[in-house]
Amino acid sequence: EVIDIEGKFLIPGLIDMHVHFRDPGYTHKEDIHSGSNAALAGGFTGVLMMPNTDPPPDNATVIYYWKEKSKSIPLNILFSGCITKNRAGKELSKFYELKEAGAVAITDDGNWVADGAVFRHAMEYAAALDLLVITHAEEPTIANRGVINEGYWSTVLGLRGIPKAAENIAIYRDIEIAKMTGAKLHVAHLSTAEGVRLVAAAKKLGLKVTAEVTPHHLVLTDEALAGYDTNLKVNPPLREAEEQKALLKGLLEGVIDVIATDHAPHASYEKNVEFNDAPFGIEGLETAFPVLYTELVLKKKITLEKLLLKMTVNPAKILQLPKQGDIKKGNYANLTVIDPKLTLKVSEELLVGKSKNNPFLGRTLTGWPVMTIYQGIVAYQRILKGVQ
Ligand code: NCD
Ligand code: ZN
Ligand code: ZN
């Protein structure tokens, strides 16, 4: 079959190493099928699912459930386990069992393991098993039940603030423990300039430390919260422009390896409440590429090549994925077609995922994925409604 893609970009399938598919336990927000549809519509051919489900994967059972439910989906769905039993921060999960079942990483995403001795033990065990540890990095006593970044806007809006120190202190501790144990540490959703500096210093020491940043932290700042939009309530919170500048610089200079969405769907009825009561999280699989293409590539802040490095090659390396396109091993290439001219307004109807808590609703974006090819199969094709 010949597919005409004249005037379009053919790129490697995007990989998102940070998604919440809410399955099992919160499938009114998303489930493995709806999340996979969102991923494919966003041009992703690989995702790493986070373990803050109910029940969470602290042993092999949930991993087996995930495997079974995802086996016929044309998407490379990767699994992570949680660091502690029932995500309670005390006893370690069954790492060996999780690894045997197919988990490629363990993480405390959603709730940082505050007990340093528990985290040290986890990192020692992970190092022995060569398991990647992904840290959520938020010291809870400093975060102190804040709801947005602590600074000018938290003061003006009268909202409780989350100081940057909460993130920085957590990153500092985790890097020190990485140094003690030799474990591979990946810092999730970096949002501060000091965090970038700490990761850069760790890399300079030769530690196996990597980091990611989200599209929303790269293009939005806390100023956007002036309208109390709960779709902008997220962890870590949107920060000031200076922090954002440092994130972009860190990304360009190679301190930040990966762009990951932290796709965190929540139902409208959960988000349409008073700001303090809304859950944290932004859904973003479908808009990630057009947001980054429109706001960064077209504005010449990053090259397309570098953007793709952060969304394909680097996450594949960190997750130790087999080389794509090795046909002798039965491994065909995963590909995405981007239409660099296609301009669409983000609307709830456009989004195929179950939840619509997307902060870019109403924005006009350019550079949409129009076809996603997984192992030789056209897994997604964008159907454009109306007159073009
Ligand atoms: C995530 C979620 O909703 O699961 N929320 C968020 O604000 N990022 C959890 C997380 O990534 O820490
Ligand atoms: Zn997190
Ligand atoms: Zn997350």
Side-chain angles (χ1 to χ4, degrees), residues 16-32 35 38-39 47-57 78-84 87 89 105-114 119 132-140 143 145-149 159 162 166-168 170-171 174 185-192 195 211-218 220 222 224-225 229-239 258-268 270-271 273 275-285 288 315 353-359:
D16 189 351
M17 63 181 291
H18 192 148
V19 304
H20 297 270
F21 280 179
R22 309 297 192 205
D23 194 349
Y26 309 98
T27 53
H28 62 288
K29 300 171 194 264
E30 197 78 287
D31 61 38
I32 292 182
V47 296
L48 175 61
M49 290 201 295
M50 290 294 119
N52 57 342
T53 54
D54 185 14
L78 301 159
F79 314 122
S80 68
C82 48
I83 296 178
T84 58
R87 303 181 51 243
I106 50 157
T107 174
D108 58 0
D109 194 40
N111 282 93
W112 188 62
V113 175
F119 193 70
L132 176 69
V133 179
I134 302 177
T135 177
H136 164 89
E138 183 190 52
E139 203 291 316
R145 295 182 297 112
V147 290
I148 72 168
N149 177 57
L159 293 170
I162 305 174
E167 183 167 338
N168 301 338
I171 295 173
D174 293 350
L185 179 74
H186 178 78
V187 183
H189 45 48
L190 210 59
S191 77
T192 67
E212 73 187 28
V213 64
T214 70
H216 45 271
H217 288 104
L218 286 171
L220 299 169
D222 60 350
L225 284 148
D229 180 358
T230 56
N231 283 349
L232 295 162
K233 182 174 174 184
V234 67
N235 242 321
L238 300 174
R239 308 281 190 189
V258 163
I259 300 176
T261 67
D262 190 12
H263 178 77
H266 292 292
S268 303
E270 294 166 317
K271 279 287 196 180
V273 294
F275 196 91
N276 286 309
D277 302 327
F280 290 90
I282 284 175
E283 75 91 39
L285 273 166
K354 249 186 217 183
S355 294
K356 314 293 174 186
N357 54 314
N358 187 303

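Ligands are counted one by one from 1 in listed order, and the atoms in each one are counted from 1 as well. Computed from a predicted structure; not experimentally measured.
Side-chain N or O atoms of S80 include one that pairs as donor or acceptor with a backbone N or O of M49 at under 3.5 Å. Within the 3.5 Å criterion, the main-chain N or O of G89 finds a donor-acceptor partner in the side chain of T84. Side chain of N357 to main chain of G281: a donor-acceptor pair is present (N/O by atom type, distance under 3.5 Å, no hydrogens or angles). With hydrogens and angles disregarded, a donor-acceptor distance shorter than 3.5 Å links the side chain of H217 to the backbone of P236. Not a single donor-acceptor pair under 3.5 Å links the side chain of T230 to the backbone N or O of K233. The backbone N or O of S191 sits less than 3.5 Å from a side-chain atom of E167, completing a donor-acceptor pair.
Close contacts of ligand 1 with H18, meaning ligand atoms under 4.0 Å from a residue heavy atom, involve 11 (O). Within ligand 1, counting atoms from 1 as listed, the ones closer than 4.0 Å to a heavy atom of H20 are 1 (C), 4 (O), 9 (C), 10 (C), 11 (O). Near V234, meaning under 4.0 Å from any of its heavy atoms, are these atoms of ligand 1: 7 (O). Below 4.0 Å from some heavy atom of H189 lie the following atoms of ligand 1, by number and element: 11 (O), 12 (O). Atom numbering of ligand 1 starts at 1 in the shown order; those under 4.0 Å from a heavy atom of D109 are 10 (C), 11 (O), 12 (O).
Of the N and O atoms on the side chains of E30 and H20, not one donor lies less than 3.5 Å from an acceptor on the other residue. Checking T214 against D262 by side-chain atom types alone, no donor-acceptor pair falls below 3.5 Å.
Between E283 and K271 there is no salt bridge, since no side-chain N of the basic residue sits under 4.0 Å from a carboxylate O of the acidic one.
Summary of contacts: the protein heavy atom closest to atom 7 (O) of ligand 1 is N235 N, 2.8 Å. If you check which protein heavy atom lies closest to atom 3 (O) of ligand 1, you get R22 NH2, 2.7 Å. For atom 5 (N) of ligand 1, the closest heavy atom belonging to the protein is F280 O, 3.3 Å. Protein heavy atom in closest approach to atom 8 (N) of ligand 1: D262 OD2, 2.7 Å.
Taking the six-membered ring where the residue is Trp, H263 and F21 present perpendicular rings, their angle passing 60° and hence far from 30°.
Across D108 and T135, no two heavy atoms sit closer than the pair OD1-CA, 3.4 Å.
Listed by chain and number, the protein N, O or S atoms at a distance under 2.8 Å from the Zn ion (ligand 2) are D109 OD1, H136 ND1, H189 NE2.
Evaluated for a side chain to side chain contact (heavy atoms under 4.5 Å, CB included) with R22, the options H28, H266, K354 yield exactly one hit, H266.
The closest approach between a heavy atom of H266 and any atom of ligand 1 is below 4.0 Å.
Contact annotation: for N52 versus ligand 1, heavy atoms closer than 4.0 Å belong to the side chain alone.
Ligand 1 has an N or O atom lying under 3.5 Å from an N or O atom of G281, backbone or side chain.
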